[in-house]
Every structure is written in structure tokens, then in C-alpha cells.
2 protein chains.
Amino acid sequence: MNEQINNQLKHRNIKPTAMRQLVLQVLTEQKSAISLPELENKFEKADKTTLYRTLKTFEENKLIHSIDDGTGSVKYALCREACECHPEDLHVHFLCAVCGQTYCLNDIPVPTINLPAKFQLESVNMVVKGVCSNCDK
Amino acid sequence: MNEQINNQLKHRNIKPTAMRQLVLQVLTEQKSAISLPELENKFEKADKTTLYRTLKTFEENKLIHSIDDGTGSVKYALCREACECHPEDLHVHFLCAVCGQTYCLNDIPVPTINLPAKFQLESVNMVVKGVCSNCDK
DNA sequence: TAAACTCTGCAACCCGGTTGCATCAACTTT
DNA sequence: AAAGTTGATGCAACCGGGTTGCAGAGTTTA
């Protein structure tokens, strides 16, 4: 049993059940964000609802964050350890129009926006669409 | 018959049928972006498919642009007359977490992003979520 | 051990979006 | 004007992601 996985769950106050360990394992192995339907396919036999609720639990506890890249299904990716999902933690996401993968551009923070008067900012979703370095050969 | 409406359609090379005139009329009256289900409700008797295809035609011809604000239904808003929906035409959108309305912040262009090497940019979707000036009383 | 609680799995549902197909309207061609 | 062509419209049905209700399995607590 991977101790690292359990520590991550513990760190976010998530009870480490077998399902959750497996799901976190899969998420850790991903290089790009993964959707619920994609996650389903990673398992031979796993219930959609359980995976759905697992992802929700992970998101509520800020172990992962969700990305709506406009492809029709929300994708999920691991948060960095210190992440609290506040506006200052947010980064840009990149959707490749060729391979359909969505990547966290962790090094690119979401630019600050000067909103009109009396507009309060809570969060920002910024998705850049284009061709990724893998597909631009 | 509103001549203005017909000119707009003509300007974008869209044949001015009765349905299209009506839909454009509704879109023109909106202060915020409108979704397909919302548009359906604006009409007593109108088929979802027709409205759907009308919006698609409008979008293809750059009369309107679509906004995925993460609420589950795509919203649409009029483009400005000279808009060609190129990256430099893009502006920020604002979703109010209280009233659920989505506004075009036409005066706020999407900030330029320096992508990693070999990443090509096509377009950007930037949605700021918060509380709008109407709800912040 | 019994009670309380949480997690899991199945079934069913909701809803936005989309497609196929038949019909209708408008515009061409002869 | 009749026939033919094209595109727009309307209906029905479908698809797929997301979500909820509920019962049963597993875990924790007293």
C-alpha cells in the first residue's frame, strides 16, 4: 500500500477507503486532467456514482480542482500541496484542440482583472485553447 | 419590420427569415447572455431544434459568440459589429454567483498569455465569477 | 454487541445538446 | 405557370454527462 497516497488523503482530512486510494492513484499518474467518463474507463468494474462522489469529496477538500474546458465534460486535476483554491492559487489551463488533452499550466497564474466598480471577484476560470507541444510536430 | 435587424443579418450573410428576425430581436434586447433553454422560454411556441440551429448559424457567421460559464448551459451574446472572433477581439465574461446572469465585459480584453514553447494559441475563454453590481447592494 | 454513521453500488432520472427525417417555403429553371 | 432545387422548419427520438434516492455493505463508536 502506497503510504504517500494515504498521507495525501490524511492531509486533506479524507478517510482513506480502498476506492479513494485507487482513484487518487490514477489521478496521480495522469499528466493531464481527467473527466469522470474517462476515469470510469480506467477501471474494469467501478460504479459511476461512486467515482462521481469520490471526485466531489476530493474537490470539496481541495485535493483536486475542476476545470470546465468547454468540451462538455468537466475535468479534474490534483491541486498542489499548499493549494487552497483561492484566487491567488489559480493558474491557466490549456486545452489542445488536436489531442483533446487539458493541462494545468501551473507556472502561469491567472492575470489580475480590474473589474468595474462594485463587482466582487470570487474565482476565475481561464482556459486557453490551441495546439500543445506534443501535437505541434 | 425592423430594418436594423435585417441589415445586421445581411451584414453577416444570413438569410433573413421570420424566425431569425425574431431571435435576433430577442438577443438585441438582452442585457446579459442567454442560453438556449432561456431562449426557448422567451417564445410561446417555438421548436428547440430551430432555435438551436438558428443560434448555430448566427455563431458560425459571427453575429453572436458563445460563452461557457460553467453553469451547464452555453450562453450566447451579440458580437460587436466589427468582431471577427479572433483572439484580439476577445473580452472577459462575468458570471454573477447570486443572480446567475452572465455579462460581456466588452471593455476588458482578455490578457495576453505567454505560453510555454511550442504551444500555439487559438482562442481563450475567460470567465470571472463573483457578485455583480446589481446584487452587491 | 448493538447502534450510528459512512461509503458503495444499482437503478432511475434530468436536462442540455444533437441528429434524422419528413414537410414546407422560397427561389430557379424551363 | 409547372416542375425542380435548395434551404429552413418542426417533430420525435436519441445521446451522454451529471445527479439523486435508496438499499445494502462496511466501519466506527458507545
Side-chain angles (χ1 to χ4, degrees), chain A residues 1 5-6 9-10 12-27 33-61 63-77 95 100 102 125 127, chain B residues 1 5-6 9-10 12-27 33-61 63-77 95 100 102 125 127:
Chain A
M1 180 57 56
I5 294 286
N6 278 339
L9 291 170
K10 195 174 171 188
R12 295 293 187 173
N13 291 313
I14 301 167
K15 205 187 293 182
T17 68
M19 263 321 293
R20 287 170 181 177
Q21 289 165 346
L22 286 171
V23 171
L24 180 49
Q25 186 65 51
V26 170
L27 287 169
I34 188 172
S35 67
L36 173 55
E38 284 164 355
L39 186 60
E40 260 186 285
N41 292 333
K42 293 270 175 187
F43 296 93
E44 273 303 304
K45 177 201 162 298
D47 184 64
K48 185 173 63 156
T49 312
T50 305
L51 295 174
Y52 167 71
R53 287 196 262 241
T54 301
L55 289 175
K56 242 184 151 177
T57 301
F58 284 6
E59 189 182 12
E60 280 163 10
N61 291 278
L63 179 58
I64 62 177
H65 60 280
S66 62
I67 309 139
D68 188 335
D69 61 9
T71 56
S73 58
V74 179
K75 292 177 182 168
Y76 300 89
L95 165 65
T102 298
N125 183 34
V127 178
Chain B
M1 180 59 54
I5 296 285
N6 278 340
L9 291 171
K10 196 176 171 187
R12 296 292 187 173
N13 291 312
I14 301 167
K15 205 188 291 181
T17 68
M19 266 315 297
R20 290 171 179 175
Q21 288 165 345
L22 286 171
V23 171
L24 180 51
Q25 185 67 51
V26 169
L27 287 169
I34 188 171
S35 67
L36 174 56
E38 284 165 356
L39 186 61
E40 259 186 284
N41 292 333
K42 294 268 174 186
F43 295 92
E44 273 304 304
K45 177 200 163 297
D47 184 63
K48 187 172 59 154
T49 311
T50 304
L51 296 175
Y52 166 72
R53 287 197 261 240
T54 300
L55 289 175
K56 244 184 150 177
T57 302
F58 283 6
E59 190 183 9
E60 279 162 11
N61 291 278
L63 179 58
I64 63 178
H65 60 280
S66 62
I67 309 140
D68 188 336
D69 61 8
T71 56
S73 58
V74 178
K75 292 177 182 167
Y76 300 87
L95 165 64
T102 297
N125 182 34
V127 178

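Residue numbers start from 1 in every chain, and the chains themselves are labelled A, B, ... in the order their sequence lines are given, proteins ahead of strands.
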Mind calculating the distance between CE (A:Met19) and C1' (D:dG26) to the nearest angstrom?
15 Å
Once you round it to whole Å, what is the distance between P of D:dT19 and CD of A:Glu40?
13 Å
Can you tell me the distance, in whole Å, between the NZ atom of B:Lys75 and the C1' atom of C:dC15?
15 Å
In Å and rounded to the nearest 0.5 Å, what is the CZ to CG distance from A:Arg20 to A:Leu24?
11.5 Å
B:Val23 side chain near B:Leu51 side chain, heavy-atom distance below 4.5 Å:
yes
Should B:Leu9 and B:Phe58 count as side-chain neighbours, where that means a heavy-atom distance under 4.5 Å?
yes
How long is the span from the CD1 atom in B:Ile14 to the CG atom in B:Leu63, to the nearest 0.5 Å?
4.5 Å
What about A:Lys48: does its side chain form a donor-acceptor pair under 3.5 Å with the base of D:dG18?
yes
Distance, rounded to the nearest Å, where A:Asp47 contributes CG and C:dA12 contributes P:
14 Å
Let me spell it out: for each of B:Val74 and B:Lys15, pick the nucleotide of DNA chain C with the closest heavy atom. Which residue's pick is nearer the 5' end?
B:Val74
What is the separation between atom CZ on B:Arg20 and atom P on C:dA25, rounded to the nearest whole Å?
16 Å
Using atom CD1 of A:Ile14 as one end and atom C1' of C:dT6 as the other, report the distance to the nearest whole Å.
14 Å
CG/B:Asn6 to CD/B:Gln21 distance, rounded to the nearest 0.5 angstrom?
4.5 Å
Roughly how many Å is it from CG in B:Leu36 to C1' in D:dG10, rounded to a whole number?
14 Å
Residues in residues 49-56 of chain A with a heavy atom under 4.0 Å of DNA chain C, by number, are A:Thr49, A:Thr50, A:Arg53
Expressed in angstrom and rounded to an integer, what is the separation of A:Leu39 atom CG from D:dG16 atom C1'?
16 Å
Qualifying residue, where the test is side chain to side chain donor-acceptor pair (under 3.5 Å) with A:Thr102 and the options are A:Thr71, A:Asp69, A:Asp68:
A:Asp69
